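Values in this document were obtained by computation on a predicted structure and should not be read as measured data. All values below come from the heavy atoms of this structure, side chains included, with hydrogens, waters and symmetry mates left out.
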Amino acid sequence: MELRFGTRQSDSPWIDTVWTCTSEQVTEMTSVAGVCWGLVFWEQDGRAYAGITGPDTRAGTAPVPEGATFTGIDFAVGTSLRAVSTRELVGGGVELPDTTRRTFRLDGSRLEIPGPDDAEALVERLVRDGIVVRDPLVAEVLRGHRPAVSTRTVERRFRAVTGLTRGTIQQIERARTAAGLLAAGEPAAGVVDELGYFDEPHLARTLRSYVGRTARQLREGAGGAIGLDLGQRVTS
């Protein structure tokens, strides 16, 4: 049993990644902590669904609709929906009602369900209509700039826009990077040095908390299905 992922980057500053996934005889997976909110569209048994996914601060177990095909858009950190607070989405999500095989409804607008190559066009429409917005201060800080406001103001804006602190965002992104390096065969000691972990036990605790895997499981592709594109098939 497995999940088959395809992931690509985007030239849009509003998008982090666009991904596809199909499930084959998978009923549950390890969900991985993530810093992005997103839109996800899937089909199962001839019926279409759409939902909003939120950031997550820990690994866990999530059900997988068997035989489903997914297309997802993960939005860049610092963006948010006009009608839904990202803070309310942390650790969860919302299924969108009134979805057909061709369209879905969001913030009062009827929109076409995108394919993997149509994500940018959909997001451009969402931005143009004011459905998706962005906090310029958060975007500025993420680019490494130091805005002329207090650290407290920056942290408050980060929490308001992303639902997370800057420190949590950095820890989760580092853990996901570590998982990818380990899955590609990098030794744990090398990952510790490259990513600035204190030692291997520190790396192990972080992986357990945010990825739900040990370094050995990641290297061997063991542990069952996982909701993360590691550039390989992950089997049980």
Side-chain angles (χ1 to χ4, degrees), residues 7 9-19 31-40 51-60 72-94 106-107 119-120 122-181 191-199 202-203 205-212 227-228:
T7 305
Q9 302 297 312
S10 173
D11 292 333
S12 170
W14 298 84
I15 299 173
D16 183 72
T17 54
V18 179
W19 57 272
S31 60
V32 177
V35 301
C36 299
W37 69 275
L39 293 175
V40 61
I52 306 169
T53 58
D56 212 336
T57 58
R58 61 183 180 180
I73 304 170
D74 286 342
F75 285 77
V77 176
T79 64
S80 60
L81 283 164
R82 173 179 61 188
V84 182
S85 168
T86 307
R87 297 180 69 169
E88 297 175 2
L89 295 171
V90 175
V94 178
L106 179 64
D107 196 4
E120 284 78 8
L122 171 63
V123 173
E124 184 178 336
R125 163 79 185 276
L126 296 175
V127 172
R128 185 172 64 248
D129 292 352
I131 296 172
V132 172
V133 296
R134 179 170 54 192
D135 186 318
L137 184 145
V138 172
E140 183 179 351
V141 171
L142 290 170
R143 288 195 298 268
H145 299 160
R146 294 184 177 181
V149 296
S150 69
T151 300
R152 179 176 296 182
T153 297
V154 171
E155 289 294 346
R156 178 175 54 79
R157 294 273 282 272
F158 258 83
R159 278 185 174 275
V161 174
T162 70
L164 309 172
T165 67
R166 274 194 296 171
T168 298
I169 289 171
Q170 291 166 353
Q171 291 171 29
I172 292 172
E173 289 187 329
R174 184 168 64 159
R176 291 170 67 98
T177 299
L181 291 172
V191 174
V192 167
D193 291 339
E194 183 173 344
L195 298 182
Y197 286 100
F198 182 74
D199 54 20
H202 180 205
L203 171 63
R205 289 192 298 272
T206 299
L207 291 173
R208 186 166 56 249
S209 177
Y210 294 133
V211 183
L228 184 64

Those residues at least two apart in sequence (or on a different chain) that pass side-chain contact (heavy atoms from CB on, under 4.5 Å) with V90 are P55, T57, L164
I would like to know whether L39 and I52 meet side-chain contact (heavy atoms from CB on, under 4.5 Å); could you show each step before the answer? CA-CA 5 Å; L39 293 175; I52 306 169; 3.9 Å; yes
By salt bridge (charged side-chain N to carboxylate O under 4.0 Å, His left out), R205 pairs with (sequence neighbours left out) none
> For E120 and I15, what are the C-alpha separation, side-chain angles and deciding distance, and is it a side-chain contact (heavy atoms from CB on, under 4.5 Å)?
Replying inline: CA-CA 8 Å; E120 284 78 8; I15 299 173; 4.1 Å; yes
Side chains of residues 128-142: which donor-acceptor partners sit under 3.5 Å, not counting sequence neighbours?
{"from": "D129", "atom 1": "OD2", "to": "R125", "atom 2": "NE", "distance (Å)": "2.5"}
{"from": "D135", "atom 1": "OD1", "to": "L137", "atom 2": "N", "distance (Å)": "2.8"}
{"from": "D135", "atom 1": "OD1", "to": "V138", "atom 2": "N", "distance (Å)": "3.4"}
{"from": "D135", "atom 1": "OD1", "to": "R157", "atom 2": "NH2", "distance (Å)": "3.0"}
{"from": "D135", "atom 1": "OD2", "to": "R157", "atom 2": "NE", "distance (Å)": "2.7"}

- request: Count the heavy atoms of every other residue, nucleotide or ligand shown that sit under 6.0 Å from CZ of R58, and state whether that count exceeds 12.
  value: no
Hits for salt bridge (charged side-chain N to carboxylate O under 4.0 Å, His left out) against E155, two or more places apart or cross-chain, chain-then-number order -> R166
Rounded to the nearest 0.5 angstrom, the OG1-CZ distance for T151 and R146 is 9.0 Å
Value for CG (D16) from CZ (F75), rounded to nearest 0.5 Å, stands at 11.0 Å
Of all heavy-atom pairs linking A76 and P13, the shortest is CB-O, 3.5 Å
The side-chain contact (heavy atoms from CB on, under 4.5 Å) partners of D199 (sequence neighbours excluded) come to P201, H202
| So, the side chain of T86 versus the backbone of V161: is there a donor-acceptor pair under 3.5 Å, distance only? | yes
So OH of Y197 and CZ of R174: to nearest 0.5 Å the spacing works out to 4.5 Å
The reported gap from CG in L126 to CH2 in W14 (rounded to nearest 0.5 angstrom) is 10.0 Å
Sorted by chain and residue number, the side-chain contact (heavy atoms from CB on, under 4.5 Å) partners of S209 (sequence neighbours excluded) come out as none
Review point. Can you check whether L228's main-chain N or O pairs, donor with acceptor, with W19's side chain at less than 3.5 Å?
Key: no
Of all heavy-atom pairs linking T206 and A175, the shortest is CG2-CB, 3.6 Å
Q | Heavy-atom donor-acceptor pair, R176 side chain to A33 backbone, under 3.5 Å | A | yes
One should read off an interatomic distance between C36 SG and E173 CD, to the nearest 0.5 angstrom, of 7.0 Å
T53 and L89 have their tightest heavy-atom pair at O-CD1, 4.3 Å
Distance col, row L122:CG vs I73:CD1, nearest 0.5 angstrom, shows 5.0 Å
